[in-house]
Chemist: 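Structure below; questions to follow.
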There are 2 protein chains.
Amino acid sequence: MKPFHSYQNPSLAVDLVVFGYSKQQLSVLLLNRKEEPFKDRWVLPGAFLQMEERFKDACSRVLKTKLGMDDVYLEQLYSFDEPDRDPRGRAISVAHYALVNPSKVAVAAGSMANDVSWFNINELPALGFDHDIIFQQALQRLRSKITYFPVGFELLDDLFTMPELHELYECILDTTIDRRNFRRKILDSEYIINTGKKREGSQNRHPDLYKFNKKLKKNGFQINV
Amino acid sequence: MKPFHSYQNPSLAVDLVVFGYSKQQLSVLLLNRKEEPFKDRWVLPGAFLQMEERFKDACSRVLKTKLGMDDVYLEQLYSFDEPDRDPRGRAISVAHYALVNPSKVAVAAGSMANDVSWFNINELPALGFDHDIIFQQALQRLRSKITYFPVGFELLDDLFTMPELHELYECILDTTIDRRNFRRKILDSEYIINTGKKREGSQNRHPDLYKFNKKLKKNGFQINV
DNA sequence: CTATCTTTGCGTCGAATTAACACAAATAGT
DNA sequence: ACTATTTGTGTTAATTCGACGCAAAGATAG
């Protein structure tokens, strides 16, 4: 289908900030570019929008085909439009961010990239295009979001312990949170449910295993920083 | 400049939710369409993106040429991408919302529209395209934003009184807020500055005139609803 | 010029929420 | 069984919040 107005439209793409949490570290998935522009530089994964494709579809396609991921939490972040953001010409990028559990996915470089790798968010290389800005904005959004909405569990296993959730929050928010006050707030919100099971094999007292409460309606909470 | 990949890109547009506050009413600016599709229906103002134009530039252009407005508060809201949202074909809309003081602008229908008019947000007609959804999302964003960030003054005169700001908040949030507690929170936040002047000519005790504190760094506040 | 009515500015107080911290139970290793 | 560590639970003081009282300022009427 042709566009119904007069001039040549910009290219339309999605870019993805894929967050993963593993071994008490928050990481982002980056690709190493095989071709110009920004050859051999690290960038966020992305793709041009295909015919009749929604943004989310394009994101899912990237996650599936380039990264082997299915069914991940995905949220539109912001649209980036600086005319010179892509040296090849005018390109609009609708940025999204995704939350995945790295232990559930197998990441491998496709034919389009030299390499694919997780980077700790505090040790990122300088990214190509305007991806530094996109990443910073995504991080900011994630930090804001987890303080009032239950998205943390997207980064953890289906069953997780209170100390694990607590550590996740401290890591993402880059601060210390009193463990006992944190527990009370989370439990009061009914965000998670105690399964009755315990995590076996841990060093000392075995912590309770929780799962996300899918029936949660609109019980809010507020973790202060 | 040509796009650098293979297929024909969707049309790219901006749509604007322009909020105005006047006589204790929150309103939105709508256009009555002169042509199909949605002829004679009310819609949000918008425009197709021109060559090398940023979203904000396109928004400013609409505000300036269609509505005679300059220098208004503008924020990107969300990008809408349903393939069937425009019956003419695939069109992406990057929605923005604007906050203006209606007493500062003169609105007039351009050649593109039958009519331009402010509508009280509680008495909106059914809008064309997917603009009902865009409007609802903008209203939600505005309601959320004013509870923690000083954007209210964008809708008021440069000098305003505490009761005026209070009424604005009650109107936008559609709730009652204790006048004395509201005052304390706002003043503690240093969001506004007392000019020392008083509003003359009012019925009873003359309220103090305040102005927005432009030097405000990151003093947050929180108006609970 | 005084009485009255309304609005605005400032203050108080109990209730609710938060932050800081104490302590005991559970577990592994010695 | 003794120790070190982690986890679950409770307690208390500090802070914030919500509901409300009251007096000062101004307009109007007698």
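All values derive from a computational prediction rather than experimental measurement.
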Chemist: Looking at A:Leu74, I want to see if its CG is surrounded by more than 12 non-hydrogen atoms of other residues, nucleotides or ligands under 6.0 Å.
Modeler: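 Atom CG in A:Leu74 is packed in, count exceeds 12.
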Chemist: Answer with base, sugar-phosphate or nothing: what part of the nucleic acid does A:Thr161 contact at a heavy-atom distance below 4.0 Å?
Modeler: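 Touches nothing.
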Chemist: Below 4.0 angstrom from OP1 or OP2 of C:dA28, is there any side-chain N or O of A:His206?
Modeler: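 It does, given that an N or O in the side chain of A:His206 lies less than 4.0 Å from OP1 or OP2 of C:dA28.
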Chemist: Using atom CZ of B:Phe160 as one end and atom C1' of C:dT8 as the other, report the distance to the nearest whole Å.
Modeler: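 Rounded to the whole Å, the gap is 16 Å.
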Chemist: Go through the structure and list residues passing ring pair (Phe, Tyr, Trp, His ring centres under 6.0 Å) with B:Tyr169, not counting sequence neighbours.
Modeler: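 B:Phe182.
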Chemist: Between the protein and nucleotides 3-6 of chain C, which nitrogen or oxygen pairs come in under 3.5 angstrom?
Modeler:
none

Chemist: By ring pair (Phe, Tyr, Trp, His ring centres under 6.0 Å), which residues pair with A:Trp42, not counting sequence neighbours?
Modeler: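 Partners of A:Trp42 by the ring pair (Phe, Tyr, Trp, His ring centres under 6.0 Å) criterion, ordered by chain and then number, come out as A:Phe119.
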Chemist: Ring centroid separation for A:Phe221 and A:Tyr148, is it under 6.0 angstrom?
Modeler: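 That pair fails the under 6.0 Å test.
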Chemist: Got a sec, which residues hit ring pair (Phe, Tyr, Trp, His ring centres under 6.0 Å) with A:Phe38, two or more places apart in sequence or on another chain?
Modeler: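 Result, ring pair (Phe, Tyr, Trp, His ring centres under 6.0 Å) vs A:Phe38: A:Phe129.
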Chemist: Distances under 3.5 Å between protein N/O atoms and the N/O atoms of nucleotides 9-17 of chain D, please, pair by pair.
Modeler:
{"unit_1": "D:dT9", "atom_1": "OP2", "unit_2": "A:Arg183", "atom_2": "NH1", "d": "3.1"}

Chemist: With sequence neighbours left out, what residues match B:Tyr78 under ring pair (Phe, Tyr, Trp, His ring centres under 6.0 Å)?
Modeler: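 Partners of B:Tyr78 by the ring pair (Phe, Tyr, Trp, His ring centres under 6.0 Å) criterion, ordered by chain and then number, come out as B:Phe80.
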Chemist: Expressed in angstrom and rounded to an integer, what is the separation of B:Phe182 atom CZ from C:dC10 atom C1'?
Modeler: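 In whole Å, C:dC10 C1' and B:Phe182 CZ are 16 Å from each other.
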Chemist: Kindly list each side-chain donor-acceptor pair under 3.5 angstrom involving residues 93-100 of chain B, sequence neighbours excluded, with atom names and distances?
Modeler:
{"unit_1": "B:Ser93", "atom_1": "OG", "unit_2": "B:Asp15", "atom_2": "OD2", "d": "2.7"}
{"unit_1": "B:His96", "atom_1": "ND1", "unit_2": "B:Val94", "atom_2": "O", "d": "3.1"}
{"unit_1": "B:Tyr97", "atom_1": "OH", "unit_2": "B:Glu75", "atom_2": "OE1", "d": "3.0"}

Chemist: Enumerate donor-acceptor pairs with a distance under 3.5 Å from any side-chain N or O in residues 151-159 of chain A to protein atoms, sequence neighbours excluded.
Modeler:
{"unit_1": "A:Asp157", "atom_1": "OD1", "unit_2": "A:Asn101", "atom_2": "ND2", "d": "2.8"}
{"unit_1": "A:Asp158", "atom_1": "OD1", "unit_2": "A:Lys104", "atom_2": "NZ", "d": "3.1"}

Chemist: Who passes side-chain contact (heavy atoms from CB on, under 4.5 Å) against B:Asp132, sequence neighbours left out?
Modeler: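 So B:Asp132 forms a side-chain contact (heavy atoms from CB on, under 4.5 Å) with B:Leu127.
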Chemist: What is the separation between atom CD on B:Gln203 and atom P on D:dA27, rounded to the nearest whole Å?
Modeler: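 One finds 8 Å between P of D:dA27 and CD of B:Gln203, rounded.
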Chemist: Would you please name every residue forming a side-chain hydrogen bond (donor to acceptor under 3.5 Å, both in side chains) with B:Ser60, sequence neighbours left out?
Modeler: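 In terms of side-chain hydrogen bond (donor to acceptor under 3.5 Å, both in side chains), with neighbours along the sequence ignored, B:Ser60 is linked to no residue.
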Chemist: What is the distance from CZ of A:Arg199 to P of D:dG8, rounded to the nearest Å?
Modeler: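 So the two atoms are 11 Å apart, to the nearest Å.
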Chemist: Tell me every residue that passes side-chain contact (heavy atoms from CB on, under 4.5 Å) with A:Arg54, counting only those two or more places apart in sequence or in another chain.
Modeler: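 Scan of A:Arg54 (side-chain contact (heavy atoms from CB on, under 4.5 Å), adjacent residues dropped) gives A:Asp57, B:Asp81, B:Glu82, B:Pro83.
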Chemist: So if I take residues 162-173 of chain A and measure heavy-atom distances to DNA chain D, which residues fall below 4.0 Å?
Modeler: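 Per residue number, the list reads A:Met162, A:Pro163.
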